[in-house]
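One structure is given below, encoded as C-alpha coordinates.
Here is how names work: the chains are called A, B, and so on, in the same order as the sequence lines, proteins then strands, and each is numbered from 1. Not measured: the values here are computed from a predicted model. Side-chain atoms are counted along with the backbone in the values below, which use heavy atoms only and exclude waters and symmetry mates.
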Amino acid sequence: MRLSRSLVPTLKEVPAEAQIASHRLMLRAGLVRQTAAGIYAWLPAGLRVLNNIADIVREEQDAAGAQELLMPTIQAADLWRESGRYEDYGQEMLRITDRHKRDLLYGPTNEEMITDIFRSSVRSYKELPQIAYHIQWKFRDEVRPRFGVMRGREFLMKDGYSFDLDYPGAVISYRKMMLAYMRTFQRLGVKAIPMVADTGPIGGDLSHEFIILAPTGESQVFYDAAFEEVDYSAGNFDITAPDDLARFYDTMTGSYAATDEKHDTAAWEQVEASRRREGRGIEVGHIFYFGTKYSQAMNFSVTGADGKPVNPHGGSYGVGVSRLVGALIEASHDEAGIIWPDSVAPFQAGVLNLKQGDAVTDALSEDVYGKLSAVALYDDRSERAGVKFNDADLMGHPWQVIIGPRGAAAGRVELKRRATGEREELSVEDALAKVGTKRL
RNA sequence: CGGGGCGUGGCGCAGCCUGGUAGCGCGCGUGUUUUGGGUACACGAGGCCGCCGGUUCGAGUCCGGCCGCCCCGACCA
(Lines give C-alpha, C1' and ligand atoms only; values in the text may rest on other atoms or scores of the structure.)
Protein backbone atom coordinates (compact mmCIF):
# COMPACT_ATOMS: atom_id res chain seq x y z
CA MET A 1 0.00 0.00 0.00
CA ARG A 2 1.01 3.55 -0.60
CA LEU A 3 0.65 5.54 2.56
CA SER A 4 -0.39 8.64 0.67
CA ARG A 5 -3.47 6.75 -0.52
CA SER A 6 -4.19 4.78 2.62
CA LEU A 7 -6.57 5.20 5.50
CA VAL A 8 -3.91 4.89 8.15
CA PRO A 9 -4.50 7.99 10.27
CA THR A 10 -1.51 8.11 12.58
CA LEU A 11 -1.71 10.52 15.46
CA LYS A 12 0.99 12.53 17.12
CA GLU A 13 -1.11 13.15 20.17
CA VAL A 14 -2.98 10.56 22.15
CA PRO A 15 -6.77 10.72 22.37
CA ALA A 16 -7.71 11.36 25.99
CA GLU A 17 -9.73 8.20 26.49
CA ALA A 18 -6.85 5.79 25.98
CA GLN A 19 -5.13 4.75 29.18
CA ILE A 20 -3.08 1.67 28.47
CA ALA A 21 -0.23 1.27 26.02
CA SER A 22 -1.95 -0.98 23.52
CA HIS A 23 -5.03 1.20 23.35
CA ARG A 24 -2.98 4.35 22.89
CA LEU A 25 -0.78 2.73 20.27
CA MET A 26 -3.68 1.22 18.37
CA LEU A 27 -5.28 4.64 18.08
CA ARG A 28 -2.01 6.41 17.32
CA ALA A 29 -0.95 3.86 14.71
CA GLY A 30 -4.31 4.18 12.97
CA LEU A 31 -5.39 0.58 13.54
CA VAL A 32 -8.82 1.14 15.02
CA ARG A 33 -11.30 3.81 15.78
CA GLN A 34 -13.85 3.68 18.55
CA THR A 35 -17.44 4.13 17.41
CA ALA A 36 -19.20 3.55 20.76
CA ALA A 37 -18.16 2.34 24.20
CA GLY A 38 -16.33 -0.94 23.66
CA ILE A 39 -17.08 -1.04 19.95
CA TYR A 40 -14.42 -0.42 17.34
CA ALA A 41 -14.08 -0.01 13.61
CA TRP A 42 -11.02 -1.81 12.27
CA LEU A 43 -9.12 0.37 9.85
CA PRO A 44 -7.06 -1.20 7.05
CA ALA A 45 -3.82 -1.76 8.95
CA GLY A 46 -5.64 -3.03 12.04
CA LEU A 47 -7.73 -5.38 9.96
CA ARG A 48 -4.60 -6.87 8.43
CA VAL A 49 -3.34 -7.72 11.89
CA LEU A 50 -6.68 -9.13 12.94
CA ASN A 51 -6.79 -11.28 9.81
CA ASN A 52 -3.22 -12.45 10.27
CA ILE A 53 -3.98 -13.61 13.78
CA ALA A 54 -7.21 -15.27 12.66
CA ASP A 55 -5.30 -17.07 9.89
CA ILE A 56 -2.81 -18.54 12.33
CA VAL A 57 -5.58 -19.60 14.68
CA ARG A 58 -7.40 -21.17 11.74
CA GLU A 59 -4.38 -23.05 10.46
CA GLU A 60 -3.70 -24.58 13.87
CA GLN A 61 -7.34 -25.51 14.34
CA ASP A 62 -7.41 -27.17 10.97
CA ALA A 63 -4.15 -28.95 11.72
CA ALA A 64 -5.74 -30.32 14.89
CA GLY A 65 -8.58 -31.75 12.86
CA ALA A 66 -11.17 -29.15 13.72
CA GLN A 67 -13.51 -28.09 10.95
CA GLU A 68 -14.44 -24.50 10.28
CA LEU A 69 -18.03 -23.38 9.89
CA LEU A 70 -19.73 -20.06 10.44
CA MET A 71 -22.68 -19.52 12.72
CA PRO A 72 -24.68 -16.30 12.83
CA THR A 73 -24.24 -13.45 15.27
CA ILE A 74 -27.96 -13.21 15.95
CA GLN A 75 -29.59 -16.14 17.70
CA ALA A 76 -33.13 -17.04 18.70
CA ALA A 77 -33.87 -16.77 22.40
CA ASP A 78 -35.77 -20.06 22.32
CA LEU A 79 -32.53 -21.96 21.83
CA TRP A 80 -31.15 -20.42 24.99
CA ARG A 81 -34.35 -21.11 26.86
CA GLU A 82 -33.73 -24.80 26.24
CA SER A 83 -30.46 -24.74 28.12
CA GLY A 84 -31.78 -22.34 30.72
CA ARG A 85 -29.11 -19.81 29.96
CA TYR A 86 -31.49 -17.21 28.56
CA GLU A 87 -32.45 -16.48 32.14
CA ASP A 88 -29.05 -17.23 33.68
CA TYR A 89 -26.87 -15.08 31.50
CA GLY A 90 -28.05 -11.78 32.87
CA GLN A 91 -27.39 -8.27 31.73
CA GLU A 92 -24.32 -9.16 29.74
CA MET A 93 -26.47 -10.62 27.03
CA LEU A 94 -27.67 -8.13 24.48
CA ARG A 95 -31.31 -8.92 23.88
CA ILE A 96 -33.08 -7.83 20.73
CA THR A 97 -36.69 -7.94 19.62
CA ASP A 98 -37.60 -8.19 15.96
CA ARG A 99 -40.64 -6.69 14.21
CA HIS A 100 -42.74 -9.71 15.09
CA LYS A 101 -41.84 -9.22 18.75
CA ARG A 102 -39.76 -12.37 18.73
CA ASP A 103 -36.93 -12.48 21.22
CA LEU A 104 -33.49 -12.59 19.71
CA LEU A 105 -30.04 -12.02 21.09
CA TYR A 106 -26.62 -11.09 19.82
CA GLY A 107 -24.61 -14.19 20.62
CA PRO A 108 -22.03 -14.03 23.41
CA THR A 109 -21.09 -17.67 22.68
CA ASN A 110 -22.49 -20.61 20.73
CA GLU A 111 -22.87 -23.79 22.79
CA GLU A 112 -26.62 -23.95 22.26
CA MET A 113 -26.42 -23.30 18.58
CA ILE A 114 -23.72 -25.83 17.86
CA THR A 115 -25.59 -28.40 19.93
CA ASP A 116 -28.72 -27.69 17.94
CA ILE A 117 -26.82 -28.13 14.70
CA PHE A 118 -25.28 -31.40 15.83
CA ARG A 119 -28.47 -32.89 17.23
CA SER A 120 -30.30 -32.30 14.00
CA SER A 121 -27.66 -33.96 11.84
CA VAL A 122 -25.54 -36.38 13.84
CA ARG A 123 -27.29 -39.63 14.76
CA SER A 124 -24.74 -42.39 15.24
CA TYR A 125 -21.67 -42.95 17.38
CA LYS A 126 -19.91 -43.68 14.10
CA GLU A 127 -20.01 -39.97 13.28
CA LEU A 128 -18.11 -38.95 16.39
CA PRO A 129 -15.82 -37.51 17.54
CA GLN A 130 -16.00 -34.15 15.83
CA ILE A 131 -14.66 -30.71 16.55
CA ALA A 132 -16.14 -27.65 14.87
CA TYR A 133 -15.16 -24.03 15.27
CA HIS A 134 -15.88 -20.64 13.87
CA ILE A 135 -14.32 -17.23 14.03
CA GLN A 136 -17.13 -14.81 14.55
CA TRP A 137 -18.04 -11.53 16.21
CA LYS A 138 -19.54 -11.78 19.64
CA PHE A 139 -21.18 -9.29 21.89
CA ARG A 140 -21.14 -9.13 25.66
CA ASP A 141 -22.67 -6.05 27.15
CA GLU A 142 -19.93 -5.44 29.69
CA VAL A 143 -20.87 -3.02 32.42
CA ARG A 144 -17.60 -1.34 31.94
CA PRO A 145 -15.77 -1.78 28.67
CA ARG A 146 -12.16 -0.63 28.86
CA PHE A 147 -8.61 -1.10 27.65
CA GLY A 148 -9.58 -0.64 24.01
CA VAL A 149 -10.05 -3.90 22.16
CA MET A 150 -8.79 -5.87 25.14
CA ARG A 151 -12.10 -5.58 26.84
CA GLY A 152 -14.54 -4.42 24.24
CA ARG A 153 -18.20 -5.31 24.09
CA GLU A 154 -18.02 -6.46 20.52
CA PHE A 155 -15.09 -8.78 19.94
CA LEU A 156 -13.85 -11.35 17.47
CA MET A 157 -13.48 -14.78 18.94
CA LYS A 158 -12.58 -18.22 17.74
CA ASP A 159 -14.88 -20.58 19.55
CA GLY A 160 -14.66 -24.30 19.00
CA TYR A 161 -16.79 -27.17 20.22
CA SER A 162 -16.01 -30.84 20.52
CA PHE A 163 -18.38 -33.77 20.79
CA ASP A 164 -17.20 -37.18 21.86
CA LEU A 165 -18.97 -40.36 22.73
CA ASP A 166 -17.56 -40.57 26.22
CA TYR A 167 -15.30 -38.93 28.75
CA PRO A 168 -12.02 -40.54 27.62
CA GLY A 169 -12.75 -39.35 24.11
CA ALA A 170 -13.55 -35.85 25.35
CA VAL A 171 -10.24 -35.75 27.18
CA ILE A 172 -8.41 -36.45 23.93
CA SER A 173 -10.26 -33.64 22.19
CA TYR A 174 -9.46 -31.35 25.10
CA ARG A 175 -5.77 -32.15 24.88
CA LYS A 176 -5.74 -31.65 21.12
CA MET A 177 -7.12 -28.19 21.57
CA MET A 178 -4.65 -27.39 24.29
CA LEU A 179 -1.78 -28.37 22.05
CA ALA A 180 -3.25 -26.45 19.13
CA TYR A 181 -3.43 -23.39 21.39
CA MET A 182 0.17 -23.66 22.51
CA ARG A 183 1.23 -23.91 18.88
CA THR A 184 -0.93 -20.97 17.99
CA PHE A 185 0.56 -18.71 20.66
CA GLN A 186 4.05 -19.82 19.79
CA ARG A 187 3.47 -18.78 16.19
CA LEU A 188 2.05 -15.47 17.37
CA GLY A 189 5.42 -14.81 18.95
CA VAL A 190 4.36 -14.78 22.58
CA LYS A 191 4.94 -16.92 25.62
CA ALA A 192 1.79 -18.56 26.84
CA ILE A 193 1.09 -20.44 30.05
CA PRO A 194 -1.93 -22.71 30.50
CA MET A 195 -3.39 -22.48 33.98
CA VAL A 196 -6.05 -24.40 35.79
CA ALA A 197 -9.15 -22.23 35.83
CA ASP A 198 -12.51 -21.99 37.46
CA THR A 199 -15.16 -23.38 35.25
CA GLY A 200 -17.36 -20.30 35.64
CA PRO A 201 -20.99 -19.95 34.63
CA ILE A 202 -20.72 -22.53 31.88
CA GLY A 203 -19.94 -25.37 34.27
CA GLY A 204 -17.80 -28.46 33.99
CA ASP A 205 -14.76 -29.67 35.86
CA LEU A 206 -11.83 -29.54 33.45
CA SER A 207 -10.75 -26.10 32.45
CA HIS A 208 -7.66 -24.08 31.57
CA GLU A 209 -6.99 -20.46 30.89
CA PHE A 210 -4.19 -19.36 28.61
CA ILE A 211 -2.22 -16.42 29.82
CA ILE A 212 0.27 -14.67 27.62
CA LEU A 213 3.09 -12.83 29.25
CA ALA A 214 3.17 -9.07 28.94
CA PRO A 215 4.81 -6.62 31.32
CA THR A 216 1.61 -4.61 31.61
CA GLY A 217 -0.67 -7.62 32.03
CA GLU A 218 -3.70 -7.55 34.27
CA SER A 219 -2.58 -10.21 36.70
CA GLN A 220 0.58 -11.42 38.34
CA VAL A 221 1.58 -14.93 37.27
CA PHE A 222 3.95 -17.50 38.72
CA TYR A 223 5.18 -20.40 36.64
CA ASP A 224 7.85 -22.98 36.16
CA ALA A 225 10.45 -22.30 33.46
CA ALA A 226 9.47 -25.65 31.99
CA PHE A 227 6.76 -23.90 29.97
CA GLU A 228 9.36 -21.92 28.11
CA GLU A 229 11.38 -24.99 27.25
CA VAL A 230 8.79 -27.20 25.65
CA ASP A 231 8.98 -27.82 21.92
CA TYR A 232 5.36 -27.81 20.79
CA SER A 233 6.10 -28.62 17.17
CA ALA A 234 4.71 -31.55 15.25
CA GLY A 235 8.15 -33.07 15.39
CA ASN A 236 7.83 -33.45 19.13
CA PHE A 237 4.12 -34.11 19.52
CA ASP A 238 1.89 -35.82 17.01
CA ILE A 239 -1.49 -34.21 17.61
CA THR A 240 -3.27 -37.27 16.25
CA ALA A 241 -1.55 -39.67 18.65
CA PRO A 242 -3.24 -40.09 22.07
CA ASP A 243 0.04 -41.13 23.67
CA ASP A 244 1.74 -37.97 22.51
CA LEU A 245 -1.21 -35.93 23.70
CA ALA A 246 -1.00 -37.55 27.10
CA ARG A 247 2.72 -36.83 27.30
CA PHE A 248 2.06 -33.25 26.27
CA TYR A 249 -0.74 -32.85 28.78
CA ASP A 250 1.37 -34.25 31.59
CA THR A 251 4.06 -31.75 30.73
CA MET A 252 1.59 -28.89 30.85
CA THR A 253 -0.09 -29.90 34.07
CA GLY A 254 2.96 -31.28 35.79
CA SER A 255 4.62 -27.93 36.35
CA TYR A 256 3.55 -25.12 38.62
CA ALA A 257 1.57 -22.23 37.13
CA ALA A 258 -0.86 -19.88 38.84
CA THR A 259 -2.13 -16.34 38.86
CA ASP A 260 -1.84 -14.34 42.05
CA GLU A 261 -5.43 -15.17 43.01
CA LYS A 262 -4.65 -18.85 43.23
CA HIS A 263 -1.00 -18.64 44.05
CA ASP A 264 0.00 -21.33 46.52
CA THR A 265 3.12 -20.22 48.31
CA ALA A 266 3.85 -23.65 49.71
CA ALA A 267 3.66 -25.32 46.31
CA TRP A 268 5.68 -22.50 44.78
CA GLU A 269 8.50 -23.15 47.16
CA GLN A 270 8.64 -26.73 45.98
CA VAL A 271 9.70 -25.41 42.58
CA GLU A 272 13.45 -25.27 42.19
CA ALA A 273 14.48 -21.65 42.74
CA SER A 274 16.31 -21.31 39.43
CA ARG A 275 13.16 -22.40 37.60
CA ARG A 276 10.75 -19.94 39.18
CA ARG A 277 9.43 -17.35 36.79
CA GLU A 278 7.22 -14.44 37.64
CA GLY A 279 5.58 -11.89 35.43
CA ARG A 280 2.40 -10.20 34.37
CA GLY A 281 -0.07 -11.87 32.09
CA ILE A 282 -3.19 -11.38 30.01
CA GLU A 283 -5.81 -14.04 29.53
CA VAL A 284 -6.37 -14.69 25.84
CA GLY A 285 -7.93 -18.12 25.75
CA HIS A 286 -10.03 -20.48 27.76
CA ILE A 287 -10.91 -24.12 27.22
CA PHE A 288 -13.20 -26.38 29.17
CA TYR A 289 -14.88 -29.72 29.21
CA PHE A 290 -18.55 -29.49 30.11
CA GLY A 291 -19.64 -33.09 29.72
CA THR A 292 -23.25 -33.74 28.83
CA LYS A 293 -24.56 -30.43 30.11
CA TYR A 294 -25.87 -29.27 26.75
CA SER A 295 -26.47 -32.61 25.13
CA GLN A 296 -28.79 -33.53 28.00
CA ALA A 297 -30.52 -30.20 28.35
CA MET A 298 -31.09 -30.00 24.61
CA ASN A 299 -31.71 -33.62 23.85
CA PHE A 300 -28.75 -34.37 21.70
CA SER A 301 -28.14 -38.08 21.60
CA VAL A 302 -26.61 -40.50 19.17
CA THR A 303 -27.16 -44.21 18.88
CA GLY A 304 -24.31 -46.05 20.56
CA ALA A 305 -22.66 -49.27 19.48
CA ASP A 306 -25.08 -51.17 21.69
CA GLY A 307 -28.08 -49.57 20.00
CA LYS A 308 -28.90 -47.38 22.96
CA PRO A 309 -28.94 -43.56 22.92
CA VAL A 310 -25.94 -41.75 24.36
CA ASN A 311 -25.56 -38.06 25.20
CA PRO A 312 -22.22 -36.98 23.76
CA HIS A 313 -19.65 -35.24 25.94
CA GLY A 314 -18.78 -31.75 24.93
CA GLY A 315 -16.06 -29.20 25.38
CA SER A 316 -15.63 -25.65 24.24
CA TYR A 317 -12.54 -23.75 23.33
CA GLY A 318 -12.22 -19.99 22.99
CA VAL A 319 -9.51 -17.64 21.81
CA GLY A 320 -10.01 -13.91 21.91
CA VAL A 321 -8.80 -12.95 18.45
CA SER A 322 -9.43 -9.23 18.71
CA ARG A 323 -8.20 -9.18 22.28
CA LEU A 324 -4.95 -10.73 21.04
CA VAL A 325 -4.25 -7.68 18.90
CA GLY A 326 -4.11 -5.57 22.05
CA ALA A 327 -2.39 -8.27 24.06
CA LEU A 328 0.39 -8.70 21.50
CA ILE A 329 1.04 -4.98 21.63
CA GLU A 330 1.15 -5.07 25.41
CA ALA A 331 3.70 -7.84 25.08
CA SER A 332 5.74 -6.07 22.45
CA HIS A 333 6.17 -2.31 22.29
CA ASP A 334 8.53 0.44 23.37
CA GLU A 335 8.49 4.20 23.82
CA ALA A 336 8.38 4.78 20.08
CA GLY A 337 5.56 2.44 19.26
CA ILE A 338 4.53 -1.07 18.38
CA ILE A 339 7.01 -3.86 17.67
CA TRP A 340 5.04 -6.43 15.68
CA PRO A 341 6.07 -10.06 15.65
CA ASP A 342 6.83 -10.97 12.02
CA SER A 343 3.93 -13.41 11.92
CA VAL A 344 1.17 -10.85 12.50
CA ALA A 345 2.58 -7.52 11.33
CA PRO A 346 0.22 -5.65 9.01
CA PHE A 347 3.22 -5.02 6.77
CA GLN A 348 6.54 -6.82 6.82
CA ALA A 349 8.29 -3.63 5.87
CA GLY A 350 7.89 0.08 5.64
CA VAL A 351 9.60 1.56 2.61
CA LEU A 352 10.71 5.04 3.61
CA ASN A 353 11.47 7.43 0.82
CA LEU A 354 13.37 10.10 2.69
CA LYS A 355 13.35 12.61 -0.11
CA GLN A 356 10.10 12.48 -1.95
CA GLY A 357 10.50 14.41 -5.18
CA ASP A 358 14.16 13.63 -5.67
CA ALA A 359 14.45 11.73 -8.95
CA VAL A 360 17.01 9.23 -7.73
CA THR A 361 15.38 8.34 -4.41
CA ASP A 362 11.94 8.28 -6.01
CA ALA A 363 13.08 5.86 -8.69
CA LEU A 364 14.83 3.55 -6.26
CA SER A 365 11.91 3.69 -3.80
CA GLU A 366 9.42 2.83 -6.51
CA ASP A 367 11.61 -0.02 -7.62
CA VAL A 368 11.89 -1.45 -4.11
CA TYR A 369 8.21 -0.96 -3.42
CA GLY A 370 7.32 -2.65 -6.69
CA LYS A 371 9.12 -5.77 -5.53
CA LEU A 372 7.71 -5.65 -2.01
CA SER A 373 4.24 -4.38 -2.72
CA ALA A 374 2.49 -7.45 -1.39
CA VAL A 375 4.06 -7.04 2.02
CA ALA A 376 5.09 -3.41 2.35
CA LEU A 377 3.70 -0.03 3.19
CA TYR A 378 5.39 2.58 1.06
CA ASP A 379 5.69 5.94 2.77
CA ASP A 380 5.47 8.12 -0.30
CA ARG A 381 4.17 11.17 1.51
CA SER A 382 5.86 14.53 1.16
CA GLU A 383 6.94 14.51 4.76
CA ARG A 384 10.25 15.13 6.38
CA ALA A 385 12.46 12.17 7.14
CA GLY A 386 11.83 12.51 10.85
CA VAL A 387 8.10 12.20 10.42
CA LYS A 388 8.54 9.02 8.39
CA PHE A 389 10.94 7.50 10.89
CA ASN A 390 8.60 8.21 13.74
CA ASP A 391 5.54 6.87 11.99
CA ALA A 392 7.35 3.73 10.89
CA ASP A 393 8.51 3.08 14.44
CA LEU A 394 5.00 3.77 15.69
CA MET A 395 3.38 1.37 13.22
CA GLY A 396 5.92 -1.26 14.14
CA HIS A 397 6.88 -2.79 10.78
CA PRO A 398 9.42 -5.54 11.51
CA TRP A 399 11.67 -4.02 8.84
CA GLN A 400 12.24 -0.53 7.54
CA VAL A 401 13.80 -0.10 4.13
CA ILE A 402 15.22 3.39 4.33
CA ILE A 403 15.96 5.04 1.03
CA GLY A 404 17.67 8.41 1.01
CA PRO A 405 19.85 10.39 -1.35
CA ARG A 406 22.94 9.33 0.56
CA GLY A 407 22.79 5.74 -0.56
CA ALA A 408 20.38 5.86 -3.47
CA ALA A 409 22.94 7.21 -5.88
CA ALA A 410 24.96 4.06 -5.31
CA GLY A 411 21.86 1.90 -5.42
CA ARG A 412 22.12 1.11 -1.73
CA VAL A 413 19.49 1.21 0.98
CA GLU A 414 19.50 1.03 4.73
CA LEU A 415 17.66 -1.80 6.44
CA LYS A 416 16.48 -1.32 9.98
CA ARG A 417 15.19 -4.08 12.20
CA ARG A 418 12.49 -2.60 14.42
CA ALA A 419 12.88 -5.02 17.30
CA THR A 420 16.59 -4.46 17.82
CA GLY A 421 17.12 -1.08 16.21
CA GLU A 422 20.00 -2.53 14.19
CA ARG A 423 20.66 -0.87 10.87
CA GLU A 424 22.87 -1.86 8.00
CA GLU A 425 23.51 -0.53 4.55
CA LEU A 426 22.87 -3.08 1.83
CA SER A 427 22.29 -3.52 -1.84
CA VAL A 428 18.63 -3.66 -2.83
CA GLU A 429 18.93 -7.38 -3.57
CA ASP A 430 20.34 -8.18 -0.15
CA ALA A 431 17.73 -6.06 1.58
CA LEU A 432 14.89 -7.73 -0.30
CA ALA A 433 16.32 -11.13 0.50
CA LYS A 434 16.29 -10.34 4.19
CA VAL A 435 12.78 -8.91 4.24
CA GLY A 436 11.29 -11.55 1.98
CA THR A 437 8.90 -10.59 -0.76
CA LYS A 438 6.04 -12.93 0.02
CA ARG A 439 3.49 -12.91 2.74
CA LEU A 440 4.49 -15.08 5.64
C1' C B 1 -24.06 -1.37 39.39
C1' G B 2 -21.54 1.89 43.52
C1' G B 3 -17.82 6.04 43.60
C1' G B 4 -15.27 9.98 40.72
C1' G B 5 -14.54 12.95 36.29
C1' C B 6 -15.14 14.93 31.42
C1' G B 7 -18.06 16.63 26.81
C1' U B 8 -15.48 23.74 23.40
C1' G B 9 -12.58 23.25 15.07
C1' G B 10 -9.66 16.53 13.18
C1' C B 11 -6.45 15.69 18.08
C1' G B 12 -4.79 17.79 22.96
C1' C B 13 -6.54 21.72 25.91
C1' A B 14 -7.80 27.01 28.06
C1' G B 15 -12.13 30.02 28.72
C1' C B 16 -17.10 28.70 32.93
C1' C B 17 -15.93 30.52 39.58
C1' U B 18 -17.11 36.62 38.56
C1' G B 19 -22.74 36.06 31.78
C1' G B 20 -21.27 40.86 27.22
C1' U B 21 -19.89 38.70 19.53
C1' A B 22 -14.86 31.87 21.13
C1' G B 23 -8.95 31.24 22.09
C1' C B 24 -4.03 28.40 22.24
C1' G B 25 -0.82 24.22 20.59
C1' C B 26 -0.70 20.27 17.14
C1' G B 27 -2.82 18.80 12.61
C1' C B 28 -4.99 20.62 7.70
C1' G B 29 -4.47 24.16 2.94
C1' U B 30 -1.23 27.76 0.01
C1' G B 31 3.63 29.88 -0.57
C1' U B 32 8.70 30.38 0.78
C1' U B 33 12.28 27.64 3.55
C1' U B 34 14.45 23.13 5.34
C1' U B 35 16.18 18.03 3.70
C1' G B 36 18.65 11.27 7.45
C1' G B 37 14.76 11.38 13.62
C1' G B 38 7.98 15.20 14.28
C1' U B 39 12.24 22.39 10.26
C1' A B 40 11.13 27.67 10.32
C1' C B 41 8.24 31.86 8.73
C1' A B 42 3.89 34.06 6.47
C1' C B 43 -1.03 33.79 5.02
C1' G B 44 -5.54 30.87 5.31
C1' A B 45 -9.71 27.37 6.04
C1' G B 46 -12.25 25.11 9.80
C1' G B 47 -16.50 25.57 15.74
C1' C B 48 -25.64 25.09 16.18
C1' C B 49 -19.13 25.28 22.89
C1' G B 50 -23.00 17.12 23.50
C1' C B 51 -28.71 17.73 23.27
C1' C B 52 -33.40 19.84 25.21
C1' G B 53 -35.59 23.30 28.28
C1' G B 54 -35.27 27.42 31.84
C1' U B 55 -33.31 32.23 34.02
C1' U B 56 -31.61 36.87 31.67
C1' C B 57 -31.71 42.61 27.50
C1' G B 58 -27.85 38.90 26.56
C1' A B 59 -25.77 31.97 28.14
C1' G B 60 -19.79 28.22 26.21
C1' U B 61 -20.32 30.50 31.16
C1' C B 62 -25.94 30.26 35.78
C1' C B 63 -30.26 26.41 36.84
C1' G B 64 -32.95 21.67 35.56
C1' G B 65 -33.38 17.32 32.66
C1' C B 66 -31.38 13.97 29.12
C1' C B 67 -27.47 11.71 26.16
C1' G B 68 -22.45 10.26 25.44
C1' C B 69 -17.48 9.07 26.97
C1' C B 70 -13.46 8.07 30.54
C1' C B 71 -11.25 6.50 35.34
C1' C B 72 -11.41 3.45 40.29
C1' G B 73 -14.09 -0.82 42.38
C1' A B 74 -17.08 -5.50 41.82
C1' C B 75 -17.46 -8.86 37.07
C1' C B 76 -15.62 -11.18 32.35
C1' A B 77 -12.52 -14.18 26.17
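Spacing between U30(B) and C49(B) at atom P, rounded to whole Å, works out to 29 Å.
Residue Arg33(A) is classed as having no contact, given no heavy-atom separation below 4.0 Å to the nucleic acid. Residue contacts for Leu354(A): at a heavy-atom cut-off of 4.0 Å it reaches a base atom on one of the strands shown.
Between the side chain of Lys12(A) and the base of G25(B), no donor-acceptor pair of N or O atoms lies under 3.5 Å. Below the 3.5 angstrom threshold, one finds a donor paired with an acceptor across the side chain of Glu414(A) and the base of G36(B). At a cut-off of 3.5 angstrom, the base of C76(B) holds no donor-acceptor pair with the side chain of Arg144(A).
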Base-contact (B) and sugar-phosphate-only (S) positions in nucleotides 39-47 of chain B, heavy-atom cut-off under 4.0 Å, - elsewhere | B--------
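The existence of a salt bridge linking Glu414(A) and Arg423(A) is confirmed by a sub-4.0 Å separation between a basic side-chain nitrogen and an acidic carboxylate oxygen. With respect to the salt-bridge test (charged N to carboxylate O, under 4.0 angstrom), the residues Arg151(A) and Glu142(A) qualify.
Between His23(A) and Met150(A), it is His23(A) whose nearest contact on RNA chain B lies nearer the 5' terminus. Map Ala37(A) and Asn390(A) each onto its nearest nucleotide of RNA chain B; the residue landing nearer the 5' end is Asn390(A).
As rounded to whole Å, 9 Å separates atom P of G12(B) from atom CG of Leu11(A).
At the phosphate of C70(B), OP1 or OP2 sits under 4.0 Å from a side-chain N or O atom of Gln34(A).
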